[in-house]
Amino acid sequence: MKVLISSAFFLGLVALGSTHLCLVFPQQRGNVTGLDAAAAPDCYRVTGPCGGMDTAGHVRTVFQEGDMVSITYQKNAGHWVAATPGYFAISLIKLSNHGGTLSAPQELKRREDKNEPNLTIFSDAVQLPAGVHGHHIIQVTYVTNNPAAPAVFYQCADVTINTRTGGGVVG
Ligand SMILES: *[C@@H]1O[C@H](CO)[C@@H](O)[C@H](O)[C@H]1NC(C)=O
Ligand SMILES: *[C@@H]1O[C@H](CO)[C@@H](O)[C@H](O)[C@H]1NC(C)=O
């Protein structure tokens, strides 16, 4: 009997629906509005690699190779499932041919979804690899592992990584 009740409870939770993810810093492509309320449309992007915002965007942020940088993102709306908790991942993607070609994402950090409330902001420090420079994407994904929600949420931010000697080039 106890088992039946828990299953019903579990199914009820799963049926609630969608998750949302926003990338605050560096700022995601497109707009980033509505962060004060769960389920903001700008935080609902569910096709890879950039949630449909797949045209190389405006570079707003400049980093240096090898630096520790703080990436800030918001679990705008979450649906954690106890049996299969999901995770957030921060990855680096290199653009070449003026953004026409993207390298495979290089994962820099992963954080488990621990059922934090909606609108929780995370800031995770990641170390940029040495020897990479030029136009890159900081990609944050929210892998839900929740059968009732989209599998993965995507956000991308355009950044330039300069060489340590200061000879960095945009592009
Ligand atoms: C961003 O917001 C402005 C003003 O509401 C709107 O005109 C524009 O289309 C939006 N851009 C995107 C990519 O959603
Ligand atoms: C989180 O937001 C979603 C979408 O608005 C909502 O369905 C859900 O109940 C919220 N969860 C909590 C714990 O408030």
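Counting convention: from 1, in listed order, for ligands and their atoms alike.
- Counting only heavy atoms, the protein never gets under 4.0 Å from atom 9 (O) of ligand 1.
- Applying the 4.0 Å criterion to heavy atoms of Ala77 picks out, from ligand 2, the atoms 2 (O).
- Remark: side-chain polar atoms of Asn145 are paired, donor with acceptor, to backbone N or O of Pro85 under 3.5 angstrom.
- When the heavy-atom distances from atom 1 (C) of ligand 2 to Asn118, Asn76, Leu119, Asn115 are ranked, the shortest goes to Asn118.
- Where the criterion is an N or O separation shorter than 3.5 Å, residue side chain and backbone included, Asp42 fails it with respect to ligand 1.
- Scanning the protein heavy atoms around atom 14 (O) of ligand 1, the nearest turns out to be Asn31 ND2, 3.4 Å.
- Under the 4.0 angstrom criterion, atom 12 (C) of ligand 1 counts as having a protein heavy-atom contact.
- Per-atom contact check: atom 5 (O) of ligand 1 does not touch the protein, criterion being a heavy-atom distance below 4.0 Å.
- The aromatic rings of Phe153 and Tyr44 sit perpendicular, their planes meeting at an angle over 60°, well past the 30° parallel limit.
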Which pairs of donor and acceptor atoms, one on a side chain in residues 95-106, lie under 3.5 Å apart (sequence neighbours left out)?
residue, atom, partner, partner atom, Å
Asn97, ND2, Thr101, OG1, 2.9
Ser103, OG, Lys94, N, 2.8

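- Applying the ring pair (Phe, Tyr, Trp, His ring centres under 6.0 Å) test to Tyr73 and every residue at least two apart in sequence or in another chain returns Phe88, Phe122.
- Between Arg29 and Ile137, the closest side-chain pair of non-hydrogen atoms falls below 4.5 Å.
- Contact of the Leu119 side chain with the Asn76 side chain is registered, since non-hydrogen atoms from C-beta on lie closer than 4.5 Å.
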